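Notes to accompany the following structure.
What you see is a predicted model, and the numbers here were worked out from it, not measured in a lab. Read the numbers this way: they start at 1 and go in the same order the structure lists the ligands and their atoms.
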Amino acid sequence: MYTERLSLKPNEYEKSIARASELLRNGGVVAVPTETVYGLAASAYCEDAVKKVFKAKGRPQDNPLIVHIADMDMLFEIAEDIPENALICAEKFWPGPFTMVLKRTDIIPSGVSAGLDTVAVRMPSDPVCRDIIRKSGIPLAAPSANLSGKPSPTEPSHVLCDLDGKIDAVVISGSCDVGVESTVVSFTGGTPSLLRPGGVTLEQLREILPDITVDSAVLSEPEKGAKVASPGMKYKHYAPKADTYLVEADGEKYAEFVNGRNNGVAICFTEDSDTVKVKKIVYGSRQNEATLAHSVFDALREADALGAETVYVHAPSKTGVGLAVYNRLIRAAAFRVIKL
Ligand code: TXA
Ligand code: MG
């Protein structure tokens, strides 16, 4: 299959949005930008289109998709019995990197929610994404537009690297602002529960949901065969080809450790750049977690491009959006953490 490149240059913008929407309305799959990561979109109302998404990504069938909406009318079409605190969160965090798991209506085919009676819903803020949802007039089911298990795509080149020839089109926009996927909160079990940390931080959530709990899968490896609240959290994920380790250490100990392993590649902070002497990829400043979130997936992909065999990532703090970065890295590292 030829994958169309849809350009957003000013004189092509309207045409490309119209083409993406037409493909989506007709059951096609199109990679679209969002403020978090690129998503692989399909009509959330079309079971066959959704099947193509799972096939293109090689995604396990038991891992449900997030449905992207442009307005509150779409929310009420796909979810019901929405608790008051969820509506307050919607008001506060939408449009933005925030996903709510709610009770679903029958309009959502079971393939979207992998047979669960819930649906994950998000209203993205990216203007291109919003234009595509509005123009197509339907909610879009979209997981991240990467091959299952690979680092999530934050640039069109990442999408093409994984999915060229497997999907109908890619909308060529810039690099994603946030860089890690949305925060996922479940509102279906009484007390709200954080299933996946993301661009909206736990600190921000606690201001509105003081009793929010953090699912154990956020920072630790689910037991083999255990039932997990967010199926996506049980897989090895976001991983480069290289053997990856997460290293928790201060700057001095980290540098000493990686410098002693001369065939490894360091994914480190700007603050480490003078002291780390092995091959390195800088992913942002230790002091500014947003910069780390923005570049973490690109850094993991770059490690592959360098042909790295072993990668040692300097672990971020678990505060602010750092918690989301830590959550992705611990999976990229298959839970191998070195504490110095
Ligand atoms: O930022 C994002 O959320 C991106 C962009 C494209 O919007 N999307 C994304 O989708 O990250 P995906 O499929 O890579 O991750 C969806 C996560 C998975 O961990 C999945 O298990 C969880 O959301 N999820 C989806 N539906 C769920 C449900 N009904 N109950 C519990 N978890 C659910
Ligand atoms: Mg994903």
Over 60° means perpendicular and under 30° means parallel, so classify the ring planes of H314 and Y254, tilted if in between.
parallel
Select the closest option to atom 15 (O) of ligand 1 among R196, M100, R122, E181, judged by heavy-atom distance.
R196
Do any of the N, O or S atoms of Y238 sit under 2.8 Å from the Mg ion (ligand 2)?
no
On a heavy-atom basis, I'd like to know which of V119, T34, I66 is closest to atom 23 (O) of ligand 1.
I66
Taking N or O atoms only and a 3.5 Å limit, does H68 qualify as a polar contact for ligand 1?
yes
Y245 ring centre to R336 NZ or CZ under 6.0 Å, with the angle to the axis within 45°?
yes
Which atoms of ligand 1 sit under 4.0 Å from any heavy atom of G39?
6 (C)
Hey, does the Lys NZ or Arg CZ of R261 hover above the aromatic six-ring of F257, less than 6.0 Å from the centre and inside 45° of the axis?
yes
Structural part of N63 in contact with ligand 1, heavy atom criterion under 4.0 angstrom:
side chain
Between D298 and H158, is there a side-chain donor-acceptor contact under 3.5 Å, judged purely by atom types and distance?
yes
Hey, quick one: are V32 and V112 part of the same hydrophobic cluster, counting side-chain heavy atoms closer than 4.5 Å, chains of contacts allowed?
yes
Any salt bridge between R104 and E77, counting N to O under 4.0 Å?
no
Please classify the S113 to ligand 1 contact at 4.0 Å (heavy-atom distances, strictly less than): side chain, backbone, both or neither.
neither
Using the salt bridge (charged side-chain N to carboxylate O under 4.0 Å, His left out) definition, which of the options R301, K57, R59 pairs with D162?
R301
Between A31, A41, P64, C176, flag the one that comes closest to atom 24 (N) of ligand 1 by a heavy atom.
P64
Location of contacts on K103 toward ligand 1, heavy atoms closer than 4.0 Å
neither
Which of the numbered atoms in ligand 1 are under 4.0 angstrom from any heavy atom belonging to V101?
28 (C), 29 (N), 30 (N), 31 (C)
Counting from 1, what ligand 1 atoms have a heavy atom of T36 closer than 4.0 Å?
1 (O), 2 (C), 4 (C), 5 (C), 7 (O)
Hey, is T118 touching ligand 1 through its side chain, its backbone, both or neither, going by heavy atoms under 4.0 Å?
both
ILVMFWY network linking I212 to L87, side-chain heavy atoms under 4.5 angstrom
yes
